[in-house]
Amino acid sequence: MNSKHIFAVSTYFIAMAIPLLMVYGLMPTTEEGFIAQIGMLMGLSGIMMVFFQFIISARIKWLDRLFAYNNLIDFHRRMGIWAFIFIVAHFMLLTLSEQSFDMLLGYDEPWFINLGKIAFLILLVQVVVSIGHRKIKINYERWRAMHDVFAIGILLLMFVHSFYAGDDLELLPLQVLWFILPPTAIAFFIWQRYFLFTFAPKYKVLNVVKKANNTYSVQFVPINGNEPYSHNPGQFHFIKFIDCRHIKSEEHPFTISSSPSQKLHLASTIKASGDFTSQIHQLQEGDKVKIIGPFGKMSHIEKSHSGPIVFIAGGIGITPFVSMLQYMADKGEEREVMLFYSNATESDIAFREELSHISENTSLKLKVVHILSKQDDWEGEKGRFDMELLKKYCSAPLSQNDYYVCLHL
């Protein structure tokens, strides 16, 4: 972590602690017992985490430049689980302080207590479905719609519950904070969910080219005739398909597989592996999309180190590396790059010709090792990538290499 990372993370956790500091600083005495007081503080911390979930996931560009959006989303998931744990602790400690399960299981509690129970149950469903939506086979758009509705419901129910349930919210500073945070969280949610794409530039499909088995590269050009936005190799963007005759109007993140030195179009290479992506091959020239980006920091230019690079790719995970390799070749770099590329069969290898061309016809010192797991007649490496393969093909000391891994089989 650099100083900016430390400052941002510290600010987050200080913000989480503000309600606790207010309670201890302005309300040092309480009629509640120690266990109940700890339970109330756990509840306040859990609610603060829920408020900030909306900001973390709002696709704020300066946060992406600082941490990378994929890291923010991972943090968002982790904090969602921790918010759930804190709120569970809140219920359990208050139940323990009452020495009765009536608060937890009873139905004759005050209405604002029951609201808290409902919020907890929705949060439980939210966490379980978010962790396991792929296993229970809920498609992306349905899961996302449910996630959004539940998130707003949890936020509002927790706000009302906390405002009426505890003595802590009798403090004027906490009341002011509580009336600022929910509207702010909802504003971020509405901006990200409904207005972000309203102002996004429009592009149209230039062409769709098959790159491998069930894998298609789609090129996009701005409708207004301008150049596409600039990006770093390895970044990704969000595409919303708004006016496509044979594909659903949905929004999805895809890696930018074209090089930044390509100024005429943007390209994303997509494997038909799900409900939505299975329709990609039906895109036609002239279909309209909106694109926002770029996002992410998985790029070799983010590091000042100029030593050897090792790329480890699986399936469609090759896309950020194609962008980086083409960019390095376009710049005439002579860097040593080792690419380990795993697929099931030869027909699944995307960008095979492009990789061969870069390796043989540019100044870049690229060596490609294809690894196939389901083709017995393959004369190259078979099975899975492992440390033995790394040692076999990397001549320099392994500690001197920069490593990048992207697996999506």
Side-chain angles (χ1 to χ4, degrees), residues 9-56 75-128 130 150-186:
V9 173
S10 300
T11 301
Y12 173 84
F13 285 107
I14 290 171
M16 296 300 101
I18 286 175
L20 314 187
L21 297 174
M22 285 182 176
V23 170
Y24 271 107
L26 302 176
M27 196 176 182
T29 60
T30 175
E31 297 178 0
E32 304 288 348
F34 176 75
I35 293 177
Q37 189 174 20
I38 295 299
M40 295 300 292
L41 293 178
M42 287 284 189
L44 287 174
S45 297
I47 293 172
M48 285 292 289
M49 289 181 185
V50 171
F51 288 155
F52 275 81
Q53 288 290 80
F54 291 85
I55 299 173
I56 294 170
F75 185 73
H76 170 81
R77 293 191 189 102
R78 293 173 186 272
M79 289 301 101
I81 294 171
W82 275 108
F84 174 73
I85 292 171
F86 272 56
I87 291 168
V88 168
H90 166 73
F91 272 101
M92 299 307 296
L93 289 171
L94 289 182
T95 299
L96 183 62
S97 71
E98 294 285 332
Q99 298 184 346
S100 169
F101 285 97
D102 289 343
M103 177 177 288
L104 188 63
L105 303 175
Y107 295 98
D108 56 349
E109 297 294 325
W111 63 272
F112 48 84
I113 299 297
N114 289 329
L115 278 186
K117 295 178 186 178
I118 294 171
F120 170 74
L121 291 175
I122 297 174
L123 180 60
L124 173 61
V125 174
Q126 180 84 309
V127 170
V128 171
S130 295
F150 281 8
I152 293 296
I154 291 166
L155 178 71
L156 295 178
L157 290 173
M158 282 186 171
F159 167 73
V160 175
H161 165 77
S162 60
F163 192 80
Y164 285 95
D167 296 335
D168 301 337
L169 267 296
E170 293 179 3
L171 296 170
L172 180 60
L174 267 181
Q175 290 180 5
V176 172
L177 184 65
W178 245 234
F179 276 102
I180 290 174
L181 286 178
T184 301
I186 292 174

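These values consider heavy atoms only, across backbone and side chains, with no hydrogens, waters or symmetry-generated copies.
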Suppose we screen for side chain to side chain donor-acceptor pair (under 3.5 Å). Which residues come up paired with His161, at least two apart in sequence or across chains? none
Side-chain heavy-atom pair Ile85, Ile81 within 4.5 angstrom cut-off: yes
Would you check if Phe86 and Leu44 make a side-chain contact, meaning some heavy-atom pair closer than 4.5 Å? no
With heavy-atom distances below 4.5 Å as the criterion, would you say the side chains of His90 and Phe120 are in contact? no
Here the gap from Ile113 atom CD1 to Leu94 atom CG, rounded to the nearest 0.5 Å, amounts to 8.0 Å
Residue list, ring pair (Phe, Tyr, Trp, His ring centres under 6.0 Å) with Phe112, at least two apart or on another chain: none
Is Phe52 close to Ile55 at the side-chain level, that is, under 4.5 Å between some pair of heavy atoms? yes
Measuring only between side-chain heavy atoms, which start at C-beta, is Leu115 closer than 4.5 Å to Tyr164? no
List for me each residue that meets side-chain contact (heavy atoms from CB on, under 4.5 Å) alongside Phe159, sequence neighbours excluded, and say none if there are none. Trp178, Phe179, Pro182
Ile87 vs Met49 side-chain heavy atoms within contact, under 4.5 Å: no
4.5 Å side-chain heavy-atom contact, Phe54 and Ile152: yes
Taking the side chain as every heavy atom from C-beta outward, state whether Phe163 and Gln175 have any pair of such atoms under 4.5 Å apart. yes
